[in-house]
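Scroll down for the structure; my scribbles are underneath it.
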Amino acid sequence: RSFSLEYNISSDLDSCSNKTFEVSATCIGMSENFPPGVKLESGQGSIRLGCIYNTTTHEIFNSIQAAIDATSTQIAHRIVVCPGHYKERVNVTKPLTIESKNGPLETTVSSPDGNSVFTISEPATKIAGFTISGAKLLEASGVHINGDGSTGAELNNNKIIGNYIGVLMSNTNGCTIGNYIKGNQNIILGNTLAGIKLSNSYDNQIKSNYIGIDANNTISLPNGNFGIYVTNGSYDNIIGQSYNNTAVGNVISGHSLAGI
């Protein structure tokens, strides 16, 4: 099981090329026994360099949370995540951009224990390009945007499916869910209570999302009771918008109690 590998990756980080190397040893076993940043691929002797990386510092990490927590990761840095299924809860404690390289079809982050997957409590945080699932416990959410400190948070181009609540916004203001640019809309479907829930939140924008249906308007998978659930004193939130005289509203379909 022991082997050594030396490779200069700094020039390849921005391409997120998932370099694969053949080694002389037969490496079959649990990936947690390998060095940080190395993951086991199918087949004997094939390993892949893990590719969660900071585009400013060029450091690589073996988890999204490790990339956030690193002392070298600073405000406004960008963390890029290569294709794969990452089972972790992510607590975003710095204003960062966290995005997948290849989009939600190839990059999933799921809760290992049923609690919320992403929790955002810092301003100007952007989460983009993931399938987010598995937050099935009561009131857990795929993404929880929490508190006044999260002002300016953005969610774009995510598929949020199979949670108790897709996106929970509690005590927030100035956040944006969705984007009018084609391909940057969120798809939020198949969550138990609601696609999006706003609680005691104001001055947020929810635009150009597909809620309860896929982006082609062909697959219906409602979010239980509500598409968008506005409660607990929430006010002055914009649901849908016009841009350059073109409507960029949300497509909301199939919910048992109310679309909004």
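In this text the structure is predicted, and so the values were computed from the model without any measurement. One-based numbering along the sequence shown.
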V230 side chain reached by L198 side chain, heavy atoms, under 4.5 Å: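 L198 reaches V230 side chain to side chain.
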
K197 side chain reached by V167 side chain, heavy atoms, under 4.5 Å: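 Of all side-chain heavy-atom pairs linking K197 with V167, none is under 4.5 Å.
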
Nearest 0.5 angstrom please: [X] [atom1] to [Y] [atom2], how far?
X: T172; Y: N146; atom1: OG1; atom2: CG; result: 8.5 Å
X: K126; Y: L96; atom1: NZ; atom2: CG; result: 13.0 Å
X: I161; Y: K159; atom1: CD1; atom2: NZ; result: 4.5 Å
X: I145; Y: C175; atom1: CD1; atom2: SG; result: 5.0 Å
X: T93; Y: E122; atom1: OG1; atom2: CD; result: 6.5 Å

Side-chain donor-acceptor contact under 3.5 Å, S72 with E59: yes

Test item: side-chain donor near acceptor, H255 and N223, under 3.5 Å: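 Yes, side-chain donor-acceptor contact under 3.5 Å.
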
State yes or no: do [X] and [Y] share one hydrophobic cluster built from I, L, V, M, F, W and Y residues joined by side-chain heavy-atom distances below 4.5 Å, directly or via other members?
X: I228; Y: Y202; answer: no
X: I206; Y: I165; answer: no
X: I213; Y: L189; answer: yes
X: I160; Y: I187; answer: no
X: I64; Y: I132; answer: yes

Residue pair N62 / A66: nearest heavy atoms and the distance that separates them: OD1-CB, 4.1 Å

